[in-house]
Peer 1: 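I am attaching a structure below and will ask some questions about it afterwards.
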Amino acid sequence: MPELICALGPDNAGTVITGLVRGARTSLDVAMYEIGPSYAWAIAAAARRGVRVRVILDRHSADGNAGTAAAIAGAGGACRVLTRGSGTGHWKLVLIDGVRVATGTGNLVWRDAPRDSRGRLPPVAPPLRGTREWWAITDDAEVAGGAALAVETAWAASRLPPRAWRGQRRVVEPGAVGTPAPQVEPLRLTPAPGSLRLAVGGLAVGSALADAVEQAHSRVLLIAPYLHPRAAGVRSLMAAAWAARTRGADVRVLLGARPPAADAAHLCRTGMPARWMDPAVSTRGHAKGVIADGVAIVMSANLSRPGLGANWESALVIRSEAAADYLAAAWQRDWSAAQPVSGAV
């Protein structure tokens with residue numbers, strides 16, 4: 001039977017993902033917006049021990065991408081970047097040995113995925129400082145097949161890193177992130193057959209998001225770093241959320257940081273309760289997804305035009321009360337420590 005692991009950043013996700021990368025035996029495919037030096041070493045180490053390593057990065061060199069490309073190539077792995085005409089590679093997707101898939105909301109950089117130096121997990125591990133992230137890991141065969149197809153498609157649409165990347169090593173500092181408490185261990189469960197589905201591409205992720213919200217009757221808990229209310233996909237999503245609210249669902253929106261005044265005003269006009277995460281109290285939010293009744297969606301896509309449009313994005317749609325409740329509990333802890341959007345409930 002397949003396994004599902006739900007993980008949270010900063011609590012445990014970085015430690016879990018590092019263990020997966022270090023445990024790769026035959027192949028390691030990583031499609032990521034950004035990979036910094038805190039993960040480049042583990043991926044390069046896999047290549048040095050004979051694992052076939054392929055990494056697909058977005059075409060920007062910042063926050064470690066240029067140095068990561070050099071480190072992987074130097075270790076015998078292969079690294080490519082998506083071409084300008086193929087869309088932004090904003091996804092966060094890891095395929096280990098062709099059978100285990102990890103997809104989440106954060107990049108493989110320290111602020112998004114800190115880890116315990118001894119591989120410990122809560123409650124044994126000390127609390128970690130980092131952004132709030134959601135991750136889901138599974139060895140479901142259908143999900144792995146979809147991930148493999150997506151990687152092959154993106155690999156064909158990519159090229160070697162440009163010459164301009166050579167010698168670049170700039171990495172963005174962690175910035176205003178905190179240490180949320182309490183921090184919890186991952187959830188491990190055996191999902192029901194057919195309860196997991198991988199969506200790849202901004203349009204596919206947006207469609208999955210809208211479907212889940214349209215069918216909800218009891219709760220719709222949205223989380224995103226920010227929300228662009230004028231984007232078509234976001235307008236449709238908010239309309240579906242409003243309809244769920246009229247059916248009696250508990251509909252709330254949690255943003256990762258204080259929104260600009262115009263976006264805050266739009267949220268206030270919807271009448272839906274909205275808050276933003278304050279790193280002075282807990283941490284900054286970078287998680288993206290929704291809990292809609294017993295469905296949880298863990299996604300890389302921001303609530304923006306490219307995020308629900310032309311970007312390379314990834315999401316795992318999980319139909320499981322246990323998984324939805326685990327993520328909802330984390331969402332509620334963050335909501336309790338968050339600040340109301342000005343003028344909102």
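Because only heavy atoms are used, hydrogens play no part in the values below, and waters and symmetry mates are left out as well, while side chains stay in.
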Peer 1: Sequence neighbours excluded and cut-off under 3.5 Å, please list the side-chain donor-acceptor pairs for residues 135-145, or say none.
Peer 2:
{"unit_1": "T138", "atom_1": "OG1", "unit_2": "E3", "atom_2": "O", "d": "2.8"}
{"unit_1": "T138", "atom_1": "OG1", "unit_2": "D140", "atom_2": "N", "d": "3.1"}
{"unit_1": "D139", "atom_1": "OD1", "unit_2": "E3", "atom_2": "N", "d": "2.7"}
{"unit_1": "D140", "atom_1": "OD2", "unit_2": "E142", "atom_2": "N", "d": "3.1"}
{"unit_1": "D140", "atom_1": "OD2", "unit_2": "V143", "atom_2": "N", "d": "3.0"}

Peer 1: With a 4.5 Å heavy-atom cut-off, do L82 and T88 have their side chains touching?
Peer 2: no
Peer 1: Within the 3.5 Å criterion, strictly below it, is a donor on Q332 or R252 matched to an acceptor on the partner's side chain?
Peer 2: yes
Peer 1: How many angstroms lie between atom CD1 of I223 and atom OG1 of T105, to the nearest 0.5 angstrom?
Peer 2: 8.0 Å
Peer 1: Taking a hydrophobic cluster as the set of Ile, Leu, Val, Met, Phe, Trp and Tyr residues connected by side-chain heavy atoms closer than 4.5 Å, whether directly or through intermediates, do L20 and V99 fall within one such cluster?
Peer 2: no
Peer 1: Rounded to the nearest 0.5 Å, how far apart are CH2 of W41 and CD1 of I35?
Peer 2: 13.5 Å
Peer 1: Do I56 and L149 sit in one hydrophobic cluster, given that two such residues count as connected whenever their side-chain heavy atoms are within less than 4.5 Å of each other, even indirectly?
Peer 2: no
Peer 1: Has R333 got more than 12 heavy atoms of other residues, nucleotides or ligands less than 6.0 Å from its CZ?
Peer 2: yes
Peer 1: For residues S314 and T103, is any side-chain donor paired with an opposing acceptor at under 3.5 Å?
Peer 2: yes
Peer 1: Tell me the closest heavy-atom pair linking D278 and Q339, and the distance in Å.
Peer 2: OD2-NE2, 3.4 Å
Peer 1: Does a side-chain heavy-atom distance below 4.5 Å link W335 with L221?
Peer 2: no
Peer 1: Roughly how far, to the nearest 0.5 Å, is CD1 of I291 from CG of L327?
Peer 2: 5.5 Å
Peer 1: List the steps and the verdict of side-chain contact (heavy atoms from CB on, under 4.5 Å) for L57 and W165.
Peer 2: CA-CA 12 Å; L57 295 170; W165 280 26; 4.1 Å; yes
Peer 1: Pairs of donor and acceptor atoms involving the side chains of residues 227-242, under 3.5 Å and at least two apart or interchain, shall be tabulated with distances.
Peer 2:
{"unit_1": "R235", "atom_1": "NH1", "unit_2": "R230", "atom_2": "O", "d": "2.5"}
{"unit_1": "S236", "atom_1": "OG", "unit_2": "A232", "atom_2": "O", "d": "3.3"}

Peer 1: Could you check if a side-chain atom of P180 sits within less than 4.5 angstrom of a side-chain atom of P10, using non-hydrogen atoms only?
Peer 2: yes
Peer 1: Give the minimum heavy-atom separation between G89 and D58, together with the two atoms involved.
Peer 2: N-OD1, 2.9 Å
Peer 1: Begin with the C-alpha distance, continue with both residues' side-chain angles, and end with the deciding distance and a verdict on side-chain hydrogen bond (donor to acceptor under 3.5 Å, both in side chains) for Y226 and N302.
Peer 2: CA-CA 7 Å; Y226 55 82; N302 290 308; 3.2 Å; yes
Peer 1: What do the steps show when you test D112 against T131 for side-chain hydrogen bond (donor to acceptor under 3.5 Å, both in side chains), and what is the final call?
Peer 2: CA-CA 5 Å; D112 293 3; T131 50; 3.3 Å; yes
Peer 1: In terms of side-chain heavy atoms, does S218 have a donor or acceptor partner in D293 at a distance below 3.5 Å?
Peer 2: yes
Peer 1: So, for P340 and R275, which heavy atoms are closest and what is the spacing to 0.1 Å?
Peer 2: CA-CG, 3.8 Å
Peer 1: Would E152 and R54 satisfy salt bridge (charged side-chain N to carboxylate O under 4.0 Å, His left out), going step by step from the backbone distance to the final call?
Peer 2: CA-CA 10 Å; E152 294 300 336; R54 296 187 299 177; 2.7 Å; yes
Peer 1: With side-chain contact (heavy atoms from CB on, under 4.5 Å) as the criterion, how do L198 and L196 come out once you've worked through the C-alpha distance, each side chain's angles and the decisive distance to 0.1 Å?
Peer 2: CA-CA 7 Å; L198 182 70; L196 304 178; over 6 Å; no
Peer 1: Do you know the tightest heavy-atom contact between R80 and S158?
Peer 2: CD-OG, 3.1 Å
Peer 1: Please check if the number of heavy atoms outside R247 that lie under 6.0 Å from its CZ is greater than 12.
Peer 2: yes
Peer 1: When rounded to the nearest 0.5 angstrom, what distance separates CG in L28 from CG in D97?
Peer 2: 8.0 Å
Peer 1: Within the structure provided, determine whether L108 and V21 are in side-chain contact (heavy-atom separation under 4.5 Å).
Peer 2: no
